[in-house]
There are 2 protein chains.
Amino acid sequence: MLQINERSLLPIYEQIVNQMKELIVKGVLREGDKVPSVRELSATLLINPNTVAKSYQELERQGVIATARGKGTFVCKPAASPGMERERGEQLREQLRRLIVEARHLGLTRESFAALIGEETERYWGESDADRSELK
Amino acid sequence: MLQINERSLLPIYEQIVNQMKELIVKGVLREGDKVPSVRELSATLLINPNTVAKSYQELERQGVIATARGKGTFVCKPAASPGMERERGEQLREQLRRLIVEARHLGLTRESFAALIGEETERYWGESDADRSELK
DNA sequence: TTATGTGTACTATGTTAAGTGATACACTAA
DNA sequence: TTAGTGTATCACTTAACATAGTACACATAA
């Protein structure tokens with residue numbers, strides 16, 4: 001379900017956060033689904049339970065999942081807190097600007113950049129309901 | 001010309017790299033222009049010369065600037081090395097994917113996302129020749 | 001009740017990267 | 001020579017990251 005790249009520059013807990021959000025966007029994980037427990041996921045990925053816990057806490061902070069003591073952790077309905085949305089909206093804009101700067105330095109034309117956007121947008125917005133075979 | 005945010009999560013040297021590339025894309029810095037010396041910029045920004053040197057070395061690695069001992073550092077013509085382009089092209093795609101995942105988690109529709117792209121693209125591709133008043 | 005599986009909290013430790021500070025070297029141009 | 005470049009190399013501090021071990025609080029089922 002998840003895969004950790006030891007050689008990545010990204011911290012493990014961030015890799016988990018990113019991949020979990022990607023699975024949700026792809027429809028592999030849906031609202032109300034239970035995600036693996038801290039101990040289970042740590043055993044699967046061969047990492048420390050504390051690292052998994054840190055990932056879940058970050059995901060909960062972002063309003064992506066909700067935890068219930070003794071029960072488990074579950075995917076939330078997409079309802080970001082109002083204050084959070086503004087903050088992350090600005091981050092999104094900033095990320096986009098850096099993306100454009102990179103694209104220009106790579107020599108992309110405005111047209112080829114638009115084509116790239118179109119490709120990837122289609123992948124993530126086109127087929128909202130992916131097959132859930134990855135659930136194991 | 002440049003501005004460092006001490007509280008940013010980004011390392012100082014990366015902030016310099018990003019902002020320098022942004023100035024070039026905006027046309028404030030152009031091919032052949034001399035950029036501030038390591039010691040001068042470190043004095044202006046109140047940071048260590050080593051940190052500035054690290055930024056310049058990274059920018060040179062990316063083919064953005066060229067350094068000449070005893071002379072100074074200058075903006076290159078946009079000619080990325082062939083191997084570099086493929087590597088960074090993949091990074092660009094990966095950044096774009098994460099951007100889209102973020103956008104969906106923020107609740108953006110496909111239309112509002114496209115609008116955001118359009119806005120920012122216009123800012124960086126629209127007016128290629130910005131006024132150079134920032135040069136001081 | 002007991003047993004098990006949840007998330008959480010805490011302390012401690014080792015590794016790595018980032019940044020600083022100081023010094024020295026090599027090159028260029030006036 | 002003198003001054004201004006980029007570069008190199010130390011040592012040091014700080015913070016982030018991941019790990020390890022232990023313990024606590026809660027929910028559920030036997």
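Predicted, not measured: the structure shown is a model, and the values here were computed from it. The chains referred to below are lettered A, B, ... by the order of the sequence lines, with proteins before strands, and numbering in each begins at 1.
A salt bridge links A/E122 to B/R110: one of the charged nitrogens lies within less than 4.0 Å of a carboxylate oxygen. Taking 4.0 Å as the cut-off between side-chain N and carboxylate O, A/E22 and A/K26 count as a salt-bridged pair.
Once you apply a 4.0 Å limit to the heavy atoms of chain B, the touched nucleotides of DNA chain C run 5' to 3' over C/dA18 to C/dA29.
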Sequence neighbours excluded and cut-off under 3.5 Å, please list the side-chain donor-acceptor pairs for residues 66-74 of chain B, or say none.
from  : atom 1 : to    : atom 2 : distance (Å)
B/T67 : OG1    : B/E60 : OE1    : 3.1
B/T67 : OG1    : B/E60 : OE2    : 3.2

Below 3.5 Å, can you tabulate the donor-acceptor pairs from side chains in residues 44-54 of chain B to any protein atom, sequence neighbours excluded?
from  : atom 1 : to    : atom 2 : distance (Å)
B/T44 : OG1    : B/E40 : O      : 2.9
B/N48 : OD1    : B/N50 : N      : 2.8
B/N48 : OD1    : B/N50 : ND2    : 3.3

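Rounded to whole Å, atom C1' of D/dG6 lies 7 Å from atom CZ of B/R39.
Residues A/S37 and A/Y56 are not in side-chain contact: their nearest non-hydrogen atoms beyond the backbone lie 4.5 Å or more apart.
The side-chain contact (heavy atoms from CB on, under 4.5 Å) search around A/Q15 returns A/I4, A/N5, A/S8, A/L10, A/Q19, not counting sequence neighbours.
Contact between A/G27 and A/R30 at its shortest, heavy atoms only, is O-NE, 3.3 Å. For A/F113 against A/L108, the heavy-atom pair with the smallest separation is CA-CD2, 4.1 Å.
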For nucleotides 14-22 of chain D, just jot down a letter per nucleotide in 5' to 3' order: B, S or -, based on protein non-hydrogen atoms under 4.0 Å.
---SSBBB-
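Linking ILVMFWY side-chain heavy atoms closer than 4.5 Å, directly or via other members, places B/Y13 and A/V101 in two distinct hydrophobic clusters.
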Residue pair B/H105, A/Q62: steps toward the side chain to side chain contact (heavy atoms under 4.5 Å, CB included) verdict:
CA-CA 9 Å; B/H105 274 281; A/Q62 294 184 17; over 6 Å; no
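Applying the 4.0 Å criterion to OP1 and OP2 of D/dT7, one finds that B/T67 has a side-chain N or O inside that range. Listed pair B/S37 / D/dG4 fails the phosphate criterion, with no side-chain N or O lying under 4.0 Å from OP1 or OP2.
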At a cut-off of 3.5 Å, list every protein nitrogen or oxygen paired with a nitrogen or oxygen from nucleotides 25-30 of chain D, distance to 0.1 Å.
none

